[in-house]
Amino acid sequence: MLQIDTISKAFAGTPAVREVSFTVERGELVCLLGPSGCGKSTLLRVISGLTDADSGSIRIEGADMTRAAANRRPTAMVFQSHALWSHMTVAQNVGFGLRVRGLPKAEIAEKVGAVLDLVGLSAYGKRLPAELSGGQAQRVALARCLVVEPKVLLMDEPFSALDAHLRKSLREELKSLQRRLDLTTIFVTHDQEEAMELADRIVVMQAGRLEQFAAPGSLYRNPQTLGVAQFIGAMNTCTTTVSLGQANWYGQPLRLALPDGEAALLCRPEDLYTDPRGARARVTRVIDLGPVTKVSLMTADGDLLTWTCPREAAPDVDAEITLMPRRLHAFRDGALLAQIERPEPALLEGVPA
Amino acid sequence: MKRTPVGGLLILGTMALAMIGPILTVILWAFAVKWRYPHILPTEWGMKFWFGMLGRETIITPVLTSLALTSIATSAAALICWPAAYAFARLKFPGRQLMLFSFIAAQAVPKFALFVSIAVIFLRLGLVGSFWGVALVQMLSAVLYMIWIPTAAFRGIPPALEEAAFDLGASRLRVFLQITLPQALPALAASYVLAFVSILFEVDGALLIGAPTVTTMPLLLMSLSAQVIVQEAAVLCVLIWVPCFILLLLTRRFMTAKGIAQGFGA
């Protein structure tokens, strides 16, 4: 449906997007996720045609769109600032794209009415944008795009200016609308939770590069790069050296089938469990979050650890406990070395005195 | 206890009197038939001079000349300056800041000196004493308002508004006509009014290039004042001042420090 092929874009010599490639299927909602400045908005603008790519190509339904201007592409973009035209009514805003296409008046009125109905604003056609709330304005902006029946809907952090509660309900609305209309959508966000809830698949971007393209759960469970592992969800990161199949994990040697050398061993807070053979750490803080309890710990070497556990299992502050990882993600030079399930302690060597 | 700031009120009153006083005097004169020392107010009121003035051709012709001159000069300036202002606001080109500042630099030169040198050129071109010569030189008075305010206005339009229209399939021209222009229209109208009024009252250029063949309203006003018929000058003053004042009031919200600073790119 939408093919992005080795797209690069630099601004005054500073690369913003570097050789990004991925393919979006029809009806799929893909989130571009990354910290601010990672190039996700630039990539979206390149897809829309508002920004030219330096190199690479974009195809929509097989047709090469790389050199087509924004007004010739079958895409429509919802802006973060909603970008409604204050001198037009809601209905005029929504009907703009149809007037551009030269549709007869009656047909425009009918289509505008239908799409306003779709976003639940059928009574607001005669209002001016200034008379709308933030959420309503963003719905009108969405309707303005939907009415031209774009092949790809582009959304640039459309909800980030709204409060958390509204954001959540709009997210649900968008998702059900997108499913119902079978709309291919690219949604830019820096909000992990938003991306995880909305997306069929997520493109994680960092420093202009595509780090990983995968389904939300897969990103969480099987991060392929150190960047993704540290960006998606929480991780305990232990930098260590592997030697002869052993490595020191927070003071506890583990047997790890890894090639010798530096390695970063990452472990999710919920993947820790108490085990007498584990690494020793002192509890510094216990936070009852409701569904889980978050335990902050400090090892003898001063490393900080986070463990989330059921409330019944939570230790007291200042207690000394020993922890083992249920699963470790090992990285070298930012790339995944291996994912290790239930590593065993190395009993013969390096046992702490 | 709340203290009444007597001193402050006194200063305020004096300033208001100094500003409004002269205008008030002119208005009083326009409706005065007899007003001699030592009376504080006119002793005889009436519209006598109004009827006397409005029928005279020597009065009507300069008024019409002025209106035609000002309309043409302002509109021509708008045609040149507004697109330029759009370029200043939206495009990045070398020397952009320098050119913007050159408009202030032009303001720092005494206008009269500038017009004398222009008159020399116009003399060679045969434009001195002609209607079009005056129109051309008076356009200069409009440049300041016609560049600064529209530049600020165009700059104030979020690019996303234009991009959204372009993205929905509109041509560049359509985006400009249906999105950019309506968004900037109130400010453009304000710049037009300000330029119009400043050209209407322009004297130096009209005097140097136009006199004696082309007589504009301010020039007429000067000659009337010289003839010591105070009422006639006053009537003309009020006649011009009232519509201009109303027009200027409408542009008030664009005459903010912020608006002008934005024109400079602040």
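The sequence lines fix the lettering, A, B, ..., with proteins before strands; numbering per chain opens at 1. What you see is a predicted model, and the numbers here were worked out from it, not measured in a lab.
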Give me the atom names and distance for the closest heavy-atom approach of [X] to [Y].
X	Y	value
A/Val100	B/Arg174	CG2-NE, 3.5 Å
B/Ala160	A/Ser81	CB-OG, 3.9 Å
A/Met77	B/Asp167	N-OD2, 2.6 Å
B/Glu163	A/Arg45	OE2-NH2, 2.7 Å

Most chain B-contacting option - heavy-atom pairs closer than 4.5 Å, from A/Cys145, A/Ala70, A/Gly49: A/Ala70
Just wondering, are more than 12 heavy atoms of other shown residues or ligands nearer than 6.0 Å to [atom1] in [X]?
X	atom1	answer
A/Lys175	NZ	yes
B/Arg90	CZ	yes
B/Leu98	CG	no
A/Arg101	CZ	yes

Is there side-chain contact between [X] and [Y], with heavy atoms separated by less than 4.5 Å?
X	Y	result
B/Gln178	A/Trp85	no
A/Val148	B/Leu168	yes
A/Phe79	B/Leu161	no
A/Met88	B/Ile179	yes

Side-chain donor or acceptor of A/Asn71 paired with backbone N/O of B/Ala170 under 3.5 Å: yes
Side chain, backbone, both or neither: which part of [X] has a non-hydrogen atom closer than 4.5 Å to chain B?
X	result
A/Ser48	both
A/Leu84	backbone
A/Arg99	both

